[in-house]
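Below is one structure, written out as structure tokens; comments come after it.
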Amino acid sequence: MPDNRLDGKRVRIKAKGRIFEGIAMPSFTGNFVLKLDSGYNIGFKEYELVEVLEEERFRAEIAKLEKKEGLPEVKIISTGGTIASKVDYRTGAVTSQFTAEEIASEVPELTEICNVDAELLYNILSENMKPQNWIELARHVYKALKKYDGVVITHGTDTMHYSSAALSFMLSTPKPVVFVGAQRSSDRPSSDAAMNLLCAAKAATEDLGEVVVTMHGSTSDDFCYVHRGVKVRKNHTSRRDAFQSVNTKPIARIDYPSLSVEWISWRYKRGERKLKLTDRLEERVVLIKFFPGLNSDIMDYYHSKGYRGFVIEGTGLGHVSTDWVDTLKRICEDSIVVMTSQCLWGRICDRVYDTGRDLLKAGVIEGEDMLPEVALIKLMWLLGNYNMEEAKEMVRKSVVGEIEPTTQY
């Protein structure tokens with residue numbers, strides 16, 4: 001059995017006729033686990049302790065962070081993602097270490113881009129984010145934008161595109177608000193955390209005035225894309241380039257390590273819009289994924305619970321089965337129903353087939369080329385801040401770039 005008194009200590013052991021050196025990690029398998037300097041973990045059933053190199057828990061010295069005159073001031077707000085987190089070598093868990101000094105000690109190149117002020121707002125898994133969290137986050141960012149040149153928000157990747165959409169609608173910003181995350185934890189040699197954070201910090205200092213997401217643009221460490229917050233989606237569970245702009249091009253490409261910026265498509269520029277916070281959200285809005293055989297009484301169920309906003313993720317050009325039409329016609333009398341597509345790429349067009357024309361007659365609104373998740377957030381925001389008729393009109397219009405006039409393929 002491994003000696004747990006060694007956890008967190010740097011040791012040298014002999015195993016399989018070789019000498020290994022690294023940090024002893026907690027083990028729940030009965031094997032002795034060693035984190036090598038390469039970042040990889042290796043386990044041993046049999047080993048011999050040669051030497052304890054550090055009696056105290058391994059910890060890097062964190063120097064006081066000095067601000068540099070002339071650099072932009074950037075606020076970094078953490079909501080609990082893996083960026084700038086560290087492994088606790090005593091417990092083996094990843095813990096948030098989120099003072100400005102701790103960030104700079106992990107990613108010292110940041111100090112050449114901007115002066116950093118950091119705040120830990122949440123330390124939660126991104127699937128635990130709720131509309132109230134989005135509202136609170138928007139209010140924090142709103143206050144920060146009055147003081148800083150840009151804001152970076154570190155966030156878990158699984159629901160980051162929901163949060164970026166929420167802040168895109170709630171915040172009119174004259175400065176960059178940049179969401180960033182990491183697909184690989186910071187203790188792994190393949191981590192994308194540092195590069196993503198550097199590119200996000202660069203984006204936060206640029207001629208940009210909207211909410212964006214900055215993440216790896218390829219599986220290599222060569223560049224990041226800057227995506228509009230209402231046109232981006234996580235499209236892979238684990239790839240480092242999981243985030244893609246859908247139905248449009250990314251806003252920019254930031255090369256690494258040069259951090260040179262290439263603008264690719266239109267953007268709101270710095271100072272183009274006035275700072276404004278419109279932070280009410282109607283939570284009684286639901287996203288329903290249609291599948292063959294799904295009964296339309298699911299619409300009646302939510303309608304009976306007081307829901308007045310419905311986004312349907314339909315098939316192809318935006319369809320559900322014909323036996324839904326009567327139900328939708330009744331619900332559309334006092335609610336908003338928006339049709340999007342499971343296909344993600346492409347545009348809704350309910351004028352091609354009879355079913356689509358019947359849906360339009362029933363009162364269903366085409367979601368154009370909006371992502372289903374974005375349509376959900378937009379409808380929550382519209383119903384929270386406008387009356388029903390105003391909201392119906394605004395669903396069809398692009399508010400912050402969520403609808404492109406023509407869809408790119």
Side-chain angles (χ1 to χ4, degrees), residues 72-77 79 113-114 134-135 137-155 159-181 196-197 199-215 217 224-234 243-254 261-279 281 368-371 373-375 377-378 380-382 385 394 397-405 408:
E73 302 289 332
V74 171
K75 179 77 168 186
I76 301 182
I77 300 174
T79 64
I113 301 170
C114 58
W134 298 331
I135 292 171
L137 177 59
R139 291 172 180 172
H140 270 72
V141 173
Y142 175 74
K143 292 178 182 177
L145 288 168
K146 294 180 178 180
K147 179 180 178 182
Y148 297 91
D149 297 306
V151 175
V152 172
I153 303 166
T154 68
H155 196 291
T159 67
M160 185 158 62
H161 58 299
Y162 285 89
S163 296
S164 67
L167 264 67
S168 294
F169 289 112
M170 288 191 285
L171 273 175
S172 170
T173 174
K175 302 173 185 177
V177 177
V178 187
F179 279 84
V180 66
N196 288 349
L197 185 57
C199 290
K202 178 64 175 176
T205 67
E206 286 296 310
D207 185 16
L208 183 64
E210 60 180 286
V211 179
V212 297
V213 171
T214 299
M215 293 287 288
C224 283
Y225 276 134
V226 179
H227 305 276
R228 177 158 289 114
V230 287
K231 298 300 286 185
V232 64
R233 193 174 192 275
K234 181 177 179 178
F243 281 79
Q244 296 174 299
S245 289
V246 179
N247 293 323
T248 191
K249 294 178 180 178
I251 291 175
R253 167 180 168 142
I254 301 179
V261 179
E262 176 190 357
W263 299 108
I264 298 174
S265 61
W266 78 272
R267 68 191 189 278
Y268 290 106
K269 295 183 179 180
R270 185 181 288 270
E272 188 173 328
R273 299 188 295 172
K274 292 183 178 180
L275 180 62
K276 183 180 179 181
L277 178 66
T278 311
D279 62 355
L281 294 174
E368 303 296 342
D369 67 347
M370 278 191 291
L371 287 162
E373 300 93 331
V374 172
I377 301 295
K378 181 178 182 178
M380 293 173 70
W381 180 73
L382 289 175
N385 295 281
M394 292 179 70
K397 298 176 181 178
S398 182
V399 178
V400 289
E402 72 280 8
I403 297 173
E404 289 285 336
Q408 301 190 26

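This is a predicted model, so every value here is computed, not measured. For the numbers below, each heavy atom of this structure counts, side chains included, while hydrogens, waters and symmetry mates do not.
Between Lys175 and Tyr148, the shortest heavy-atom contact is NZ-O, 2.8 Å. Closest non-hydrogen pair, Pro176 versus Glu206, comes out as CG-O, 3.7 Å. When all heavy atoms are compared, the tightest approach of Asp369 to Asn247 is O-ND2, 3.2 Å. Shortest non-hydrogen contact noted between His227 and Ser245 is ND1-OG, 2.6 Å. Nearest approach of Ser398 to Ile403, heavy atoms of both residues: OG-O, 3.2 Å. Of all the heavy atoms in Gly229 and Ser164, the pair that sits closest is O-OG, 2.8 Å.
A donor-acceptor pair under 3.5 Å is absent between the side-chain atoms of Ser265 and the main chain of Ala252, judged by distance alone. Asn196 places no side-chain N or O within donor-acceptor distance of the main-chain N or O of Val180, the cut-off being under 3.5 Å. When atom types are taken as modelled, the side chain of Lys269 and the backbone of Leu208 share no donor-acceptor pair closer than 3.5 angstrom. Arg253 places no side-chain N or O within 3.5 Å of a backbone atom of Ile264 that could act as its donor or acceptor partner. Checking side-chain atoms of Asp207 against main-chain N and O of Arg270 turns up a donor-acceptor pair under 3.5 Å.
By the 4.5 Å heavy-atom criterion applied to side chains, Leu277 and Leu171 are counted as neighbours. Proximity of Val400 to Arg273: side-chain heavy atoms (C-beta onward) are separated by under 4.5 Å at one or more points. For the pair Trp266 and Glu404, the minimum side-chain heavy-atom distance is below 4.5 Å. With contacts defined as side-chain heavy-atom distances shorter than 4.5 Å, the pair Leu145/Val151 qualifies.
Separating the CE atom in Met215 from the CZ atom in Phe179 is a distance of 12.5 Å, to the nearest 0.5 Å. Rounding to the nearest 0.5 angstrom, the gap separating the NZ atom in Lys378 from the CE atom in Met394 is 7.5 Å. Interatomic distance, Leu281 CG to Ile135 CD1, rounded to the nearest 0.5 Å: 4.5 Å. Here the straight-line distance linking atom OG1 of Thr278 with atom CZ of Phe169 works out to 12.0 Å at 0.5 Å rounding. Leu167 CG to Leu137 CG: the interatomic distance, rounded to the nearest 0.5 Å, is 5.0 Å. Between atom CE of residue Met380 and atom CH2 of residue Trp134 there is a gap of 5.0 Å, rounded to the nearest 0.5 Å.
Under 4.0 Å is where a charged nitrogen must lie from a carboxylate oxygen, and between Glu210 and Arg228 at least one such pair does. Residues Arg233 and Glu373 are paired through a salt bridge, judged by an N-O separation under 4.0 Å between the basic side chain and the carboxylate.
Remark: Trp381 engages no residue in a side chain to side chain donor-acceptor pair (under 3.5 Å) (not counting sequence neighbours). Here Arg139 pairs with Asp279 under the salt bridge (Lys or Arg N to Asp or Glu O under 4.0 Å) rule; sequence neighbours left out.
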Test side-chain contact (heavy atoms from CB on, under 4.5 Å) on Thr79 and His140 and set out the steps.
CA-CA 12 Å; Thr79 64; His140 270 72; over 6 Å; no

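The aromatic rings of Phe243 and His161 stand perpendicular to each other, their planes meeting at an angle above 60°, with 30° marking the opposite boundary.
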